Protein chains: 2
Amino acid sequence: MEGSLPKPGTKSRVASPTRDPERTRAAILRAATAEITAKGLTGARVDAIAERAGVNKRMLYHYFGDKQGLYLAVLEHTYAAIRTAEIGLNLTELDPVAGMRKLVLFTWHYFIDHPEFLSLLATENMNRAAYLKKSKAIRPLHGSLVDLIEALLKRGAQQKIFRDDVDPVELYISIAGLGFFYMSNRHTLSTIFGKNLSASARLAARGEHIVEVVLAYLKPVEKT
Amino acid sequence: MEGSLPKPGTKSRVASPTRDPERTRAAILRAATAEITAKGLTGARVDAIAERAGVNKRMLYHYFGDKQGLYLAVLEHTYAAIRTAEIGLNLTELDPVAGMRKLVLFTWHYFIDHPEFLSLLATENMNRAAYLKKSKAIRPLHGSLVDLIEALLKRGAQQKIFRDDVDPVELYISIAGLGFFYMSNRHTLSTIFGKNLSASARLAARGEHIVEVVLAYLKPVEKT
DNA sequence: GCCGTAAGTAACTATACGGTTACTATGCAG
DNA sequence: CTGCATAGTAACCGTATAGTTACTTACGGC
């Protein structure tokens with residue numbers, strides 16, 4: 001009797017576990033992100049990705065064409081995530097110093113919470129950004145990031161609490177760099193300096209250090 | 001007649017081009033550095049290294065055991081180069097601000113001139129510093145770096161031109177990070193921001209920016 | 001209720017790759 | 001001069017790897 005069978009009529013996501021393209025695609029993308037960020041593009045194994053995703057290898061080629069296509073999808077997905085999160089920050093409501101502090105700490109915590117983003121950047125730069133250059137989806141995301149920082153800097157300069165000659169791109173690279181280098185190189189740095197840089201107390205201290213460095217730089221130069 | 005043959009008696013380096021272990025070893029190391037920093041450890045091909053070095057592949061195994069042994073030799077050689085150069089800086093002769101400026105710019109220019117160092121760090125961190133941890137040769141090199149910075153900070157604090165609560169390791173990570181991120185990620189950053197960050201005018205400007213950021217941070221907090 | 005299309009499987013293939021084998025040439029200590 | 005350790009060569013090998021082929025199963029529009 002058909003009463004005990006799962007109802008095929010309902011389009012609910014629970015239904016049959018077979019034949020769920022969206023779930024399969026997402027599982028592949030997640031597995032590929034993990035494998036590629038752990039081992040790099042050349043180190044990642046297509047068979048390992050398929051196994052991690054619990055999916056037949058043939059499906060990777062079905063959905064993403066080839067290994068490179070899969071890598072590009074991972075790259076686009078990962079970049080979109082951070083740029084989207086930044087837009088949600090809503091810095092316009094805060095005074096400039098508080099806004100800058102929030103942006104700096106957001107960036108820092110994003111790096112702590114998303115090591116896969118750091119690894120992927122390292123991989124892509126080793127590749128001279130060849131895939132990023134191919135992607136039409138990623139570049140448009142970055143105008144708004146510059147606008148965000150520019151607005152903050154302008155408000156601060158008007159209120160005379162920031163110096164008025166700051167380049168927003170140069171500043172963003174500094175904010176990101178102060179966190180990126182610490183996190184992406186924490187394994188070598190921990191080893192050569194004989195300290196565990198991943199300890200949570202140290203991570204918190206580093207966050208405050210970065211805020212201090214950035215705000216000290218932004219302070220207007222006193223008149224002599 | 002034997003008169004026209006190259007004299008084997010003279011031990012001069014010019015003599016016979018065959019059988020020169022030092023030259024062969026050095027050629028392999030150079031080729032391996034180039035190949036590994038261009039493509040990563042997994043991306044590098046043993047056959048390509050041999051060809052680049054103009055040497056039979058068997059020689060790589062003769063001198064370095066296996067691919068991993070070769071990688072370790074590259075890593076040790078590359079780390080030793082920067083740490084040795086730092087020691088030659090002679091910062092004790094300068095006043096603290098000039099000394100710090102010199103250290104910051106040295107680090108920055110080192111990154112510009114030695115992209116292979118940056119790539120190798122990226123590779124090694126992707127590997128969670130597994131090879132660095134194995135190396136007995138590298139760690140001892142780093143005590144003197146911390147001493148160098150510590151001495152500079154102490155002199156500056158005594159003269160009241162630096163704040164007196166600066167952690168030398170935290171500061172070094174900032175100095176390095178401000179340059180490292182810019183250079184190691186210049187391909188992705190140039191792409192997303194639509195600017196050529198490798199242009200020499202921009203590199204010079206970045207150097208000045210980093211000096212400003214570091215010195216602003218080191219300035220003693222004014223009394224309120 | 002049937003049929004075309006998209007989702008999914010298993011087994012296979014060509015080759016690129018790290019590493020080895022079996023051998024030869026060189027030069028220096030005695 | 002000669003024996004022997006080290007430098008060097010060429011050809012080879014097993015396997016891991018990206019990508020394919022040939023086939024089966026489920027879904028949804030008509």
Side-chain angles (χ1 to χ4, degrees), chain A residues 2 5-29 31-32 35-36 38-74 123 127 131, chain B residues 2 5-29 31-32 35-36 38-74 123 127 131:
Chain A
E2 70 278 2
L5 293 170
K7 294 181 190 173
T10 64
K11 283 206 171 177
S12 84
R13 210 120 295 284
V14 198
S16 74
T18 56
R19 286 274 179 145
D20 188 339
E22 265 181 55
R23 197 177 52 89
T24 301
R25 221 190 114 96
I28 293 170
L29 201 61
E35 172 81 3
I36 290 172
K39 306 192 183 159
L41 177 54
T42 52
R45 299 294 157 232
V46 169
D47 294 273
I49 294 170
E51 196 182 3
R52 241 189 234 250
V55 144
N56 190 284
K57 182 166 58 148
R58 181 70 184 74
M59 291 294 97
L60 310 199
Y61 294 93
H62 185 54
Y63 285 108
F64 298 98
D66 58 8
K67 194 188 183 184
Q68 301 190 3
L70 183 51
Y71 172 72
L72 190 61
V74 168
T123 296
N127 237 31
Y131 295 90
Chain B
E2 70 278 2
L5 292 170
K7 293 181 190 171
T10 65
K11 283 205 170 176
S12 85
R13 212 119 294 285
V14 196
S16 73
T18 57
R19 285 274 182 148
D20 189 339
E22 264 181 57
R23 197 177 52 89
T24 303
R25 220 191 114 97
I28 294 170
L29 201 60
E35 172 81 4
I36 290 171
K39 306 191 184 160
L41 176 54
T42 51
R45 296 297 157 229
V46 169
D47 293 274
I49 295 170
E51 197 182 3
R52 241 191 234 249
V55 144
N56 190 284
K57 181 167 61 149
R58 181 68 185 74
M59 291 293 95
L60 309 199
Y61 294 93
H62 185 54
Y63 286 109
F64 298 98
D66 58 8
K67 193 187 185 186
Q68 300 189 2
L70 182 52
Y71 172 72
L72 190 60
V74 168
T123 296
N127 237 31
Y131 294 90

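Every value quoted in this text rests on a predicted model; they were computed, and no experiment measured them.
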**Prompt:** Can you tell me how far the CZ atom of B:Arg45 sits from the CZ atom of B:Arg52, to the nearest 0.5 Å?
**Reply:** 13.0 Å

**Request:** Using atom types as modelled and distance alone, determine if a side-chain donor or acceptor of A:Lys67 lies under 3.5 Å from a backbone N or O of A:Leu60.
**Result:** no

**Item:** Interatomic distance where CD belongs to B:Glu35 and C1' belongs to C:dC17 [whole Å]
**Value:** 13 Å

**Prompt:** Sequence neighbours excluded, which residues qualify as side-chain hydrogen bond (donor to acceptor under 3.5 Å, both in side chains) partners of B:Thr42?
**Reply:** A:Thr42

**Message:** So, taking the atom named CG in B:Leu72 and the one named CZ in B:Phe64, what distance separates them when rounded to the nearest 0.5 Å?
**Reply:** 10.5 Å

**Message:** Distance check needed: C:dA6 P versus A:Asn56 CG, whole Å only.
**Reply:** 19 Å

**Message:** For B:Lys57 versus B:Ala50, what's the shortest heavy-atom pair and its separation?
**Reply:** CA-CB, 3.7 Å

**Prompt:** According to a strict under-4.0 Å criterion, is B:Thr24 in side-chain N/O contact with OP1 or OP2 of D:dG8?
**Reply:** yes

**Request:** Taking only the side-chain heavy atoms of B:Asp66 (C-beta and beyond), determine which of D:dA7, D:dA18, C:dG19 contains the nearest atom.
**Result:** C:dG19

**Request:** Kindly compute the distance separating CD (B:Glu51) from CG (B:Asn56), expressed to the nearest 0.5 Å.
**Result:** 12.0 Å

**Fill in**
Per atom distances to the A:Tyr61 side chain, the nearest of C:dG18, D:dG19, C:dT9 is D:dG19

**Asked** Think A:Tyr63 has a side-chain N or O under 4.0 angstrom from the OP1 or OP2 of C:dG8?
**Response** yes

**Asked** Rounded to the nearest Å, what distance is computed from the CD atom of residue A:Glu22 to the P atom of nucleotide C:dG8?
**Response** 12 Å

**Asked** For residues 45-53 of chain B, which residues have at least one heavy atom under 4.0 Å from DNA chain D?
**Response** none

**Request:** Send over the distance from B:Tyr71 OH to C:dG18 P, rounded to a whole Å.
**Result:** 15 Å

**Prompt:** Which residues pass the side-chain hydrogen bond (donor to acceptor under 3.5 Å, both in side chains) test with B:Tyr61, sequence neighbours left out?
**Reply:** none

**Message:** Should the side chain of B:Lys57 and the base of C:dG19 be counted as holding a donor-acceptor pair, with the cut-off at 3.5 Å?
**Reply:** yes

**Message:** From NZ of A:Lys67 over to P of D:dG19, roughly how many Å is that when rounded to an integer?
**Reply:** 8 Å

**Atom-to-atom span, CE of B:Met59 to P of C:dT24 - whole angstrom** = 16 Å

**Request:** Report the residue (A:Leu41 or A:Arg58) whose heavy-atom-nearest nucleotide on DNA chain D is the more 5′ of the two.
**Result:** A:Leu41

**Prompt:** B:His62 has an atom NE2; how far is it from atom P of D:dT6, in whole Å?
**Reply:** 8 Å

**Asked** C:dC17 C1' sits how many Å from B:Leu60 CG, rounded?
**Response** 13 Å

